[in-house]
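Numbered from 1 within each chain, the chains take letters A, B, ... in sequence-line order.
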2 protein chains.
Amino acid sequence: MTTSPTRTDAPTRREQILKEAARLFAERGFHGVGVDEIGAAVGISGPGLYRHFPGKDAMLAELLVGISERLLDGGRLRVAESDGDPRAVLGSLIDGHIDFALDDRPLITLHDRELDRLKDEDRKRVRQLQRQYVELWVTVVRELYPRAGEPEARAAVHAVFGLLNSTPHLGGAPLDRTGMERLLRGLADGAFGALGD
Amino acid sequence: MTTSPTRTDAPTRREQILKEAARLFAERGFHGVGVDEIGAAVGISGPGLYRHFPGKDAMLAELLVGISERLLDGGRLRVAESDGDPRAVLGSLIDGHIDFALDDRPLITLHDRELDRLKDEDRKRVRQLQRQYVELWVTVVRELYPRAGEPEARAAVHAVFGLLNSTPHLGGAPLDRTGMERLLRGLADGAFGALGD
DNA sequence: GGCATACGTTAACGGTCATTAACAGCACTC
DNA sequence: GAGTGCTGTTAATGACCGTTAACGTATGCC
C-alpha cells in the first residue's frame with residue numbers, strides 16, 4: 001500500500017498543492033481561485049503547477065474523488081468491523097464522519113459545493129461513491145428504526161450529513177475539539193432518534 | 001408596504017431576473033454563470049440586464065441581502081407573536097425556517113455559499129443580519145435548555161441550520177412537501193432535545 | 001406631431017486567466 | 001563529462017466575460 005495512515009515523512013509537492021488548492025477552493029470557490037494563487041501558496045509560480053497536474057480541473061477531480069473514496073472506505077470498514085448491533089454501527093459511522101468533518105473542513109466544503117465543476121466522467125464516479133456511502137447509512141438506519149420508510153431514512157441521512165458538515169460555517173472555534181465531537185454526536189443521535197416516533 | 005405575501009399580479013422583469021439568477025448561481029456558482037446566460041433565461045440578451053441592474057454583483061447582493069432580511073423579519077415576527085413559551089417559540093422558528101428552505105431552495109444554497117463574492121459593505125450587512133437571526137434562535141434555545149452553555153447552543157443552532165438546509169442536496173423528491181416538513185421538524189426537535197441531556 | 005423615457009439590440013473594449021512555448025538549473029547515471 | 005529527467009522560470013497565446021457604446025423601437029404625454 002501507499003502511505004495513508006499517520007505518516008511521518010515530509011509531504012510531497014503534489015500533496016502540498018492539493019492541500020492548498022483545497023483550502024483556496026473552499027474559501028473562494030473553484031472559479032474564484034487562479035492558478036497563480038495556488039502556485040504562490042506552495043512557493044512556486046502559476047504554470048509550475050503543470051509539472052504536477054495536467055490542469056486545474058484535475059486538482060479538483062483528485063480532491064473530490066479522493067475524499068469520496070476515503071469516506072466510503074472508512075464507512076465500509078466500520079460496518080465490517082462491527083458486531084452487527086445497529087445502534088453501535090450507526091454510532092461508529094457518526095463518529096467517523098465527525099472526525100472527518102473536523103479534520104478536513106475544506107474538503108467537506110468542496111464535497112457538496114463544487115461537484116458540478118467536474119468532467120462528466122469524474123462527476124459520475126464521485127456521485128457513485130457518494131451514493132454508496134449514503135446507502136451504507138440508510139441500511140443501518142433502517143435496521144435500527146424499522147418503522148421509518150425508506151424515503152424518510154434517506155432524507156434523514158442527508159439531513160444529518162448537513163448537520164455534521166455544519167462546522168465550517170462556524171466562524172471561530174468557541175468549542176474545543178472534544179466538546180464539538182460530543183455535541184455533534186449528541187445532536188445526530190437525537191435527530192435520528194426522532195425516526196423512532 | 002410593497003407586495004410581499006401571496007401576490008396575484010405578474011412578476012416584473014426585475015423579479016424574473018432575480019429568480020433566474022438565483023437558480024443559476026445556485027446551480028453553477030456565481031463565477032460559473034455568465035450574464036448572457038442570465039439574460040437568455042429571461043428572454044433578453046446579456047447587456048440588456050444593465051437596464052435593470054448596475055451589474056452582476058448587484059444581483060447577487062440584492063438576493064443575499066433580501067433573503068437575510070426576510071429570514072430575520074420572519075423570525076422576529078414569530079418571536080413577537082408568541083406567548084413566551086420557549087418550546088412553542090422554537091417550534092415556530094423551526095417551522096418558519098423549514099417553509100423557507102422548501103420554498104426557496106436556490107436562495108438557501110446561495111446564502112452560505114456565495115457570501116464572499118460581495119462587496120465589503122454588502123457582506124457586512126448580510127453578516128450582521130445573519131448574526132441577529134442566529135441570536136434569535138440562541139436566545140430561545142438557551143431559555144428552553146438552560147443547562148446548555150452558550151457556545152454549545154450556538155453551535156447547535158448552526159448545526160440545525162445545516163440540517164434544515166439540507167434539502168437542496170436531495171436529488172429528486174422522494175418525499176412530498178408535508179412529509180418533508182414533518183420529517184425535518186422531527187429531526188430538528190430531536191437534535192435540540194439532545195441539549196437537555 | 002414632437003419628444004422623452006423605458007427597454008432592447010449588436011458590436012467593440014479591456015481585463016482576467018488557464019494553458020502552452022521556450023528556456024534553464026540541477027541531480028544523477030553511464 | 002555528455003546526457004537525461006525533473007522541476008522550475010518568464011513570456012506569449014487565445015478564450016471568455018463583464019461592461020460600455022452606439023444605435024433602434026414602442027409607448028405615452030404635452
What is the nucleic acid contact for [X], judged by heavy atoms within less than 4.0 Å: base, sugar-phosphate only, or nothing?
X: A/Gly34; value: sugar-phosphate
X: B/Val42; value: nothing
X: A/Gly46; value: nothing

Nearest-nucleotide pick for A/Pro47, side chain only, options being D/dG8, C/dT20, C/dG8: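 Minimum distance to the A/Pro47 side chain belongs to C/dT20.
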
4.5 Å side-chain heavy-atom contact, B/Leu164 and B/Phe100: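 Contact flag for B/Leu164/B/Phe100 side chains = no.
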
Ring geometry between B/Trp137 and B/Phe161 (parallel below 30°, tilted from 30 to 60°, perpendicular above 60°):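 B/Phe161 vs B/Trp137 ring planes: perpendicular.
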
Cationic N near anionic O, under 4.0 Å, A/Asp95 to A/Arg185: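 Yes.
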
Length of the [atom1]-[atom2] vector between [X] and [N], whole Å:
X: B/Tyr50; N: D/dC17; atom1: OH; atom2: P; answer: 13 Å
X: B/Met59; N: D/dC17; atom1: CE; atom2: P; answer: 15 Å
X: A/Ile17; N: D/dC6; atom1: CD1; atom2: C1'; answer: 13 Å
X: B/Lys56; N: C/dG15; atom1: NZ; atom2: C1'; answer: 14 Å
X: A/Phe53; N: C/dT20; atom1: CZ; atom2: P; answer: 16 Å
X: A/Leu49; N: C/dC17; atom1: CG; atom2: P; answer: 15 Å
X: A/Asp57; N: C/dA18; atom1: CG; atom2: C1'; answer: 9 Å
X: B/His31; N: C/dA18; atom1: NE2; atom2: P; answer: 11 Å

Under-4.0 Å side-chain N/O to phosphate OP1/OP2 contact, A/His52 with D/dG8: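 For D/dG8, OP1/OP2 do have a side-chain N/O of A/His52 under 4.0 Å.
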
Side-chain N or O of B/Arg51 closer than 4.0 Å to phosphate OP1/OP2 of C/dT5: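 The answer is no; no side-chain N or O of B/Arg51 sits under 4.0 Å from OP1 or OP2.
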
Step-by-step side chain to side chain contact (heavy atoms under 4.5 Å, CB included) determination, B/His111 to B/Leu107: CA-CA 6 Å; B/His111 193 234; B/Leu107 285 180; over 6 Å; no

Distance in Å, A/Arg14 CZ paired with A/Met59 CE, rounded so as to fall on 0.5 Å steps: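 One finds 9.5 Å between CZ of A/Arg14 and CE of A/Met59.
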
